[in-house]
Amino acid sequence: MAAATMKEEERMLHYYAIAEAGDGGSWWISFPGRDGIVSAADDAGQIVQQAQDALASAAMHGGRLPPSIEDGAAPPDDLSEFRSPAMIVVIPFAASVACAAAE
């Protein structure tokens with residue numbers, strides 16, 4: 001594997017997001033441990049992109065990102081407080097790329 005490819009993979013982290021049903025097929029997206037990072041998607045196909053956009057916005061504005069899976073974050077074990085259906089989604093995100101774009 002080339003060194004440049006390895007550096008790109010090392011910068012990719014993964015985060016747990018909760019997607020809960022909204023009205024009319026929409027989804028509300030939140031991140032366990034970071035109440036201020038939220039988003040919405042018009043349909044399930046947009047969940048990952050909208051979650052990545054929310055993380056990028058938080059990173060660009062100096063916000064703390066939630067703990068990543070690589071840092072030991074565990075998936076939530078109780079979704080009863082969320083509107084059904086609710087699901088846990090793993091979001092890939094390169095925080096260093098977003099921070100570099102802000103500079």
Linking I/L/V/M/F/W/Y whenever their side-chain heavy atoms sit closer than 4.5 Å, directly or via other members, would [X] and [Y] fall into one cluster?
X     : Y     : answer
Ile88 : Phe82 : yes
Ile18 : Val38 : no
Met87 : Trp28 : no

What distance separates [X] [atom1] from [Y] [atom2], expressed to the nearest 0.5 Å?
X     : Y     : atom1 : atom2 : value
Gln50 : Ser26 : CD    : OG    : 11.5 Å
Ile29 : Ile47 : CD1   : CD1   : 5.5 Å
Glu20 : Trp27 : CD    : CH2   : 9.0 Å

Grab the two heavy atoms, one from [X] and one from [Y], that are nearest each other, plus how far apart they are.
X     : Y     : value
Ala86 : Leu79 : O-CD1, 3.8 Å
Arg64 : Ile37 : O-CD1, 3.5 Å
Pro32 : Ala17 : CD-CA, 4.3 Å
Ala73 : Pro67 : CB-O, 3.4 Å
Asp78 : Ser80 : OD1-OG, 2.7 Å
Ser68 : Leu13 : CB-CB, 4.1 Å

Next on the checklist: Quick check on Asp43: does its CG atom have over 12 non-hydrogen neighbours (other residues, nucleotides or ligands) under 6.0 Å away?
Outcome noted: yes
Item to check | Chi angles and distances behind the side-chain contact (heavy atoms from CB on, under 4.5 Å) call for Phe31, Leu55 | outcome: CA-CA 9 Å; Phe31 292 87; Leu55 290 170; 3.7 Å; yes
Next on the checklist: Please evaluate residues Tyr15 and Ile69 with respect to the criterion side-chain contact (heavy atoms from CB on, under 4.5 Å), reporting the C-alpha separation (whole Å), side-chain torsions for both, the decisive distance (0.1 Å), and the verdict.
Outcome noted: CA-CA 6 Å; Tyr15 298 88; Ile69 294 170; over 6 Å; no
Checklist entry - Where do Leu65 and Arg34 land on the side-chain contact (heavy atoms from CB on, under 4.5 Å) test, with the steps shown first? => result CA-CA 7 Å; Leu65 296 180; Arg34 292 293 182 268; 5.9 Å; no
